[in-house]
Amino acid sequence: MSTLLLMKLFETTPNRYDRGIRLLTGGQLDNFYDRVIVHVKEGDRVLDIGCGTGALTLRAAKKRAIVKAIDINPRMLDVARAKAKKADFSQNIEFVEMGVAELGNEPDQTYDVVLCGLCLSELSKKELDFAVNEVSRILKPKGLFLVIDETRPQRFLRRLLQGFFRSIFKLFVFLFSGTTTRALKNFQDRIEKAGFEVVSFQLNKSQNLLELAARKIGINPDE
Amino acid sequence: MNRVKYVFFYLLETILRFLPLPQKTGLIKIGHPNKNSPVLVTGNYHLTVLKVLRALKGQNVFLLVANSRGINVWCAAAGGHFTFHDVISALKLSNIESLVDHREVILPQLAACGIEAKVIHQRTGWNVKWGPVHIKDFLAYLEIGQQKSIDMSIVRFPMQDRLEMSIAWASWMSAVFFFVLWIFKREAAVPAIFVVWLLTLFVFSAFPVYLPLLRPGVKKRLIFMVSFLFLALAGLGIFSLLTSHFTAHFLLFWGIISFITVLLLGGDIAGSTPFLISEFREEKGLQIEVDSKKCRGDGICMNACPLDCFILDKQKQLVIFERPEKCICCGACVVQCQFDALSYVDYKGHRVPPDFIRRHKVGFSGKWKPRY
Ligand SMILES: C[S@@+](CC[C@H](N)C(=O)[O-])C[C@H]1O[C@@H](n2cnc3c(N)ncnc32)[C@H](O)[C@@H]1O
Ligand code: SF4
Ligand code: SF4
C-alpha cells in the first residue's frame, strides 16, 4: 500500500477524497478504522486530529462520544460537516479549522481519547514531536491515543521494496501536488518516550499501515 | 564557495522554475539578531530562501521559513497552499516567542491573497505587517522605519525577471523539441534549440514594446501571436536568403516550429506576467465593489494591493476602487479587509462574498509563478 501516498492528490479535491481512498486501499482502511474505534466509549471526550472528511469523527460520534474534530483544510471540513449533518450526529461534533500547532491552547487533561488517522505522516518532524507531546498533555490520565498511519516495514526486504515503489509515487505525487508524506519511523519508541504505554499494535499484511492504541501512563521523562 | 553555490542553484532552479522545490522549514538567524530585531516570514521555496538570504546579508534579522509546499509565496498563497496555519505553525514551533520582545511579524506582501492577517493576530497575538513585494526593497524598507512607499507595494517585471521567465520557458520547450526532432528529423534537433531560445528571449525582452497593446478588451493572444509569427517568418526569410537555403520546404518546416513556439508562449502571454490577468482564469472579469457603509478607510486593502488600484478619500474616510483596469483579481484586498467591505461582483451582478474567497482563494492557479 505504498499507494497511500496518492491520497495527497485527493486532498486537493476533497469531494473526491473518500472515493479515492477507498479505491486506493480496497476498503482495508475502513477495517482498520472500525477496529480501532472499539476503544471509544459512550460519553468519552474525543479529539480527532486531522479529521479530513471525518472518517474517524463520524465513527466516534456514532458511539455517542463528544468529538472535537480539527483540520487545517477548510474544504475537507466542509465535506465532513455535510456528512455529519446527513448522518444526524452533528450535535455531538464540533468541527474547528485549526492545526496541530494550536494544540497548545487545549487545556491539560481534557480528553479521554485522541484519534489521528493518516495525519501524523503529513506533519513535519517538528510538528510530529510537538503533536505527540501535546497529546500526552491534553489526555486525561489513562487516556488513549489511537493512531492509524503509514509506517516503514520492519523487515529489510520489504522495506527495500516499499522504498522503491514509494519513491516512484513520491515523485509523481510531488510533481502534481508539491507535497509528500513521511511514513512513520519507530513510532512505538517515540510515544513510549512521551509517556505512553502501547496497549495494542497491528500491522497490515504488507507491513506498511499501522494501527496502534497507546495509554497515557504519564511517566514523562521530563518530569 | 557561497557565491558558486548560489549561481549554481539560481541557474538550476530558474530552469526548473515550474516545479515545486521545498527547503527545510524553521528559524534562520541572519547576522546577530537581538530581542528587538525584525522577524520576517517567507515560504519554503528553495530559490526564494536563497534570494532572501542573499538580499539580507549583513542585516540582523530573524527569518522564519514557513511551509509553502516548496512553491513561491505568491502562487502558494493564491492556490491555498500557504495559509495562516503555516504561519502559525512557524511562529509556534520555532522558539521565536522567547527570542524577541515584540510581537510584530513581517510577511511578504504577495502572500496577502491567501494568508489572513486578522486570524493570525486573533489566534497568536502577533501583528502582521505586509513587507515589500520585492525582497530587493527590504533594506530600504527597514531603513525608513518599516514603512512602504507605493513603489514597494507594486509588482514589477524587470529585465532580470523577464530573462528568468525566458529561461524557464525556453528550457522545457527546447527539451521537448529536441527529443521529438531527434526521433523524426535528427538534423533539425540542435538548430531547433536555437530557434526556440532566440524566439523566447526575444518575446520576453521586447515585452515593454508591446505591453501597451495588451490592454484589457483587446484580443491579446491574437495580436501577440500574429505579430510575433510575422517577425519570426521575416527573420526566417532573411536567414534563408542569406544562407541560400531558400526552399519552400525549409520555410514551411521552420515556420511551423516558430508557430508552435509562439503559440505556446503567446497562448497566455498575459498569464506569464505579474500584472496582467491570465486568459485562462475563471475569475477574469470579476470587479471589486466597495461597500461604503462598511469601509472605515483604514487603508489595509491599499497596503495589500500589488497593483495600486485604490485611492483613499481622506475626508470621507473611504477607499475608492480607482483603477479597475489594473486589477488582476488576486484577491488580496478582499481577503484582508477586516470589515468585509470589499467583495467581487461578476458580470451578471452576482456578489462573491469575502468569506468564500478566503476559503477557496482567488488564485493564479499556478499559471504564472512570480518570484518573491
Ligand atoms: C489523509 S487526510 C486523513 C483524513 C481522515 N483522518 C481520514 O483518515 O480519512 C489527512 C488530513 O490531515 C490534515 N492535516 C495536515 N496537516 C495538518 C496539521 N498540521 N494539523 C491538522 N491537520 C492537518 C489534512 O488537511 C488532511 O485533511
Ligand atoms: S475597504 Fe476594508 S481594508 Fe480597505 S480601507 Fe475600507 S475597511 Fe479598510
Ligand atoms: S484590487 Fe485587484 S489587484 Fe488589487 S488587491 Fe484587490 S484583487 Fe488584487
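A note on names: the letters A, B, ... follow the listed sequences, proteins ahead of strands, and every chain is numbered from 1.
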- Task: Under 4.5 Å, counting heavy-atom pairs only, tell me which of B:R358, B:K92, B:R123 racks up the most with chain A.
- Result: B:R123
- Interatomic distance, CG@A:L123 vs CG@B:L93, rounded to 0.5 Å, equals 9.5 Å
- B:F179 atom CZ, over 12 foreign heavy atoms within 6.0 Å: no
- Message: Can you tell me if B:K35 has over 12 outside heavy atoms packed within less than 6.0 Å of its NZ?
- Response: yes
- More than 12 heavy atoms of other groups within 6.0 Å of A:K62 NZ: no
- Query: Does any heavy atom of chain B fall under 4.5 Å from the side chain of A:E102, the backbone, both, or neither of them?
  - Reply: side chain
- OG1/B:T83 to CG/A:N73 distance, rounded to the nearest 0.5 angstrom? 9.0 Å
- Are A:K126 and B:T25 side-chain neighbours, meaning at least one heavy-atom pair lies under 4.5 Å? no
- Query: Picking from A:V100, A:N105, A:D78, which has the most non-hydrogen pairs under 4.5 angstrom with chain B?
  - Reply: A:D78
- Message: Show the nearest heavy-atom pair for residues A:A101 and B:S89, with the distance to one decimal.
- Response: CB-CA, 3.4 Å
- Query: Looking only at heavy atoms, which two atoms of B:R359 and A:R81 are closest? And how far apart?
  - Reply: NH2-NH1, 3.5 Å
